[in-house]
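When reading the values below, keep in mind they use all heavy atoms of this one structure, side chains included, and skip hydrogens, waters and symmetry mates.
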Amino acid sequence: MAAGVTDFSALGLTCEGRDLLFWQAPDHDLDAVQIAIDGIPARVAAREATRAAAAAAERQRIADLIDRARDEATRSLKDRRWSWARRVDVDEAQGLLQRPDLDVADAMRLLSLVERAGKNVARSEVKLATVHEGERALAERPEVRSLALEGVRLITREDADWATTRNDIGWSKSTTIDGHVLDALPELDVAQASHALRLLRVHYKQLPRTMVESIFATV
């Protein structure tokens, strides 16, 4: 008799362990007892089916998690490699992506690395939203904002190595995330332009001389 499958005490049957001990009363409905007993296999099968469905759902959840981790890490490394500030993070993520048999721990690690890169971008966006006072006067000029964005895009176009190599081309390690965030904007407001100007002062040698003179002309 399967313990827990049904409650036979209401039918007058007492069970201890696997042994049927006695009828509690002589006037119980034996047909009802037999129906309950006959129904045990179906109840057991239903329980096993529920367990199997739950196990299948859990396997699917894990597969979906692994697929999502692979997809997000692959996309982030392809489209926003510049947001991965630490080379060791890139190497670790690429190593995990090469494994054919990622487990849950691997997937969670990949997602945490993607999240770290996303936080780098978020911190940059917060910083760029506050005016860099030293450049406010220039940044308030519409023509300067336009030229500053053009300058940012020129340098970003040369930043093919995402500042992983020190070659005086493109952005540096300390400016690459801000530079790429600014580059992705359709236009610059005063705060964003003030930071663009700050970056361009550092990398002005990579810009055409006429552009530098136009941007940093005396107010």
Trainee: Show, in sequence, the C-alpha distance, side-chain angles and deciding distance for W82 and R80, and conclude whether the side chain to side chain contact (heavy atoms under 4.5 Å, CB included) test is met.
Mentor: CA-CA 5 Å; W82 48 267; R80 303 177 81 178; 3.9 Å; yes

Trainee: Any heavy-atom pair between the side chains of V181 and V121 that's under 4.5 Å?
Mentor: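 They are in side-chain contact.
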
Trainee: Looking at every heavy atom in both T130 and A191, which two are closest together, and how far apart are they?
Mentor: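 Closest heavy-atom pair between T130 and A191: C-CB, 3.9 Å.
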
Trainee: Could you measure the distance from the CG atom of L111 to the CE atom of M108? Nearest 0.5 Å is fine.
Mentor: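 Going from CG on L111 over to CE on M108, the span is 6.0 Å.
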
Trainee: Measure the spacing between CD1 of I215 and CZ of R141 and express it to the nearest 0.5 Å.
Mentor: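 Between atom CD1 of I215 and atom CZ of R141 there are 11.0 Å.
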
Trainee: Do V190 and L128 land in one hydrophobic cluster if side-chain heavy atoms of ILVMFWY residues count as linked below 4.5 Å?
Mentor: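 Hydrophobic grouping puts V190 apart from L128.
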
Trainee: Rounded at 0.5 Å granularity, tell me how far CZ in R43 sits from CD in E48.
Mentor: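 Between atom CZ of R43 and atom CD of E48 there are 15.0 Å.
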
Trainee: Between L199 and L182, is the side chain to side chain contact (heavy atoms under 4.5 Å, CB included) condition met? List the steps.
Mentor: CA-CA 10 Å; L199 299 185; L182 290 167; 3.9 Å; yes

Trainee: What are the two closest non-hydrogen atoms of L188 and A196, and how far apart are they?
Mentor: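 Closest approach of L188 to A196, heavy atoms only: CD1-CB, 3.8 Å.
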
Trainee: Go through the steps for R61 and E58 under the test salt bridge (charged side-chain N to carboxylate O under 4.0 Å, His left out), then give the verdict.
Mentor: CA-CA 5 Å; R61 185 191 70 79; E58 177 63 10; 2.8 Å; yes

Trainee: Could you tell me whether the side chains of T175 and H203 share a donor-acceptor contact shorter than 3.5 Å?
Mentor: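 Yes.
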
Trainee: Would you check if L77 and L97 make a side-chain contact, meaning some heavy-atom pair closer than 4.5 Å?
Mentor: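 Side chain of L77 against side chain of L97, heavy atoms only: contact under 4.5 Å found.
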
Trainee: Is the shortest distance from a Lys or Arg side-chain nitrogen in R68 or D64 to a carboxylate oxygen in the other one below 4.0 Å?
Mentor: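 Judged by the 4.0 Å cut-off on N to carboxylate O distance, R68 and D64 do not form a salt bridge.
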
Trainee: From K173 NZ over to R87 CZ, what is the distance, rounded to the nearest 0.5 angstrom?
Mentor: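 One gets 9.0 Å once the value is rounded to the nearest 0.5 Å.
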
Trainee: Provide the closest heavy-atom pair for A85 versus I177 in the form atom of the first, atom of the second, distance.
Mentor: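 Residues A85 and I177, closest heavy atoms: CB-CD1, 4.1 Å.
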
Trainee: Can you see which heavy atom on R81 is nearest to which on V90, and at what distance?
Mentor: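 Closest pair (atom of R81, atom of V90, distance): CZ-CG2, 3.4 Å.
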
Trainee: With E72 as reference, evaluate D67, L113, V114 under the side-chain contact (heavy atoms from CB on, under 4.5 Å) test and give the passing residue.
Mentor: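 Single pass found, and it is V114.
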
Trainee: Does some side-chain heavy atom of R145 sit less than 4.5 Å from a side-chain heavy atom of Q192?
Mentor: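 Contact flag for Q192/R145 side chains = no.
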
Trainee: Is any side-chain heavy atom of R209 closer than 4.5 Å to one of V212?
Mentor: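 No - every pair of side-chain heavy atoms lies 4.5 Å or more apart.
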
Trainee: Can you find a heavy atom in the side chain of R157 that is under 4.5 Å from one in the side chain of L154?
Mentor: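 Yes - at least one pair of side-chain heavy atoms lies under 4.5 Å apart.
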
Trainee: Test: ring pair (Phe, Tyr, Trp, His ring centres under 6.0 Å). Region: residues 118-142. Which pairs qualify, not counting sequence neighbours?
Mentor: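 Found H132-H195.
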
Trainee: Using side-chain heavy atoms (C-beta onward) and a distance below 4.5 Å, is V202 in contact with W171?
Mentor: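 A side-chain contact under 4.5 Å is absent here.
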
Trainee: So, T176 side chain and S172 main chain: donor-acceptor pair closer than 3.5 Å or not?
Mentor: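 No; zero donor-acceptor contacts below 3.5 Å.
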
Trainee: Taking the side chain as every heavy atom from C-beta outward, state whether L200 and F216 have any atom pair closer than 4.5 Å.
Mentor: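 Counting from C-beta outward, L200 and F216 do come under 4.5 Å.
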
Trainee: Check whether any side-chain heavy atom of L110 sits under 4.5 Å from a side-chain heavy atom of L102, and report yes or no.
Mentor: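 When only atoms from C-beta onward are counted, L102 and L110 do touch, with a gap below 4.5 Å.
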
Trainee: Does anything in residues 104-118 pair up under salt bridge (charged side-chain N to carboxylate O under 4.0 Å, His left out), and if so which pairs, sequence neighbours excluded?
Mentor: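 Non-adjacent pairs meeting salt bridge (charged side-chain N to carboxylate O under 4.0 Å, His left out): D89-R116, E92-R109, R99-D106, E115-K119.
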
Trainee: According to the ring pair (Phe, Tyr, Trp, His ring centres under 6.0 Å) rule, which pairs have a member within residues 33-63, sequence neighbours left out?
Mentor: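 Those involving residues 33-63 do not exist here.
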
Trainee: For R70, does its backbone N or O pair with a side-chain atom of T74 as donor and acceptor, under 3.5 Å?
Mentor: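 Here the side-chain-to-backbone pair exists.
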
Trainee: Begin from the C-alpha positions of S83 and N120 and carry the test side-chain hydrogen bond (donor to acceptor under 3.5 Å, both in side chains) through to its verdict.
Mentor: CA-CA 6 Å; S83 67; N120 290 334; over 6 Å; no

Trainee: For the residue pair D178 and K127, what are the closest heavy atoms and their distance?
Mentor: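 That closest heavy-atom pairing would be OD2-NZ, 2.6 Å.
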
Trainee: Could you tell me whether the side chain of Q98 and the main chain of G95 form a donor-acceptor pair under 3.5 Å?
Mentor: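 Such a contact is absent between Q98 side chain and G95 backbone.
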
Trainee: OG/S214 to CD/E143 distance, rounded to the nearest 0.5 angstrom?
Mentor: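 One finds 9.5 Å between OG of S214 and CD of E143.
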
Trainee: CG of L138 to CD of E135: how many Å apart, nearest 0.5 Å?
Mentor: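 If I round to the nearest 0.5 Å, the distance is 6.0 Å.
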
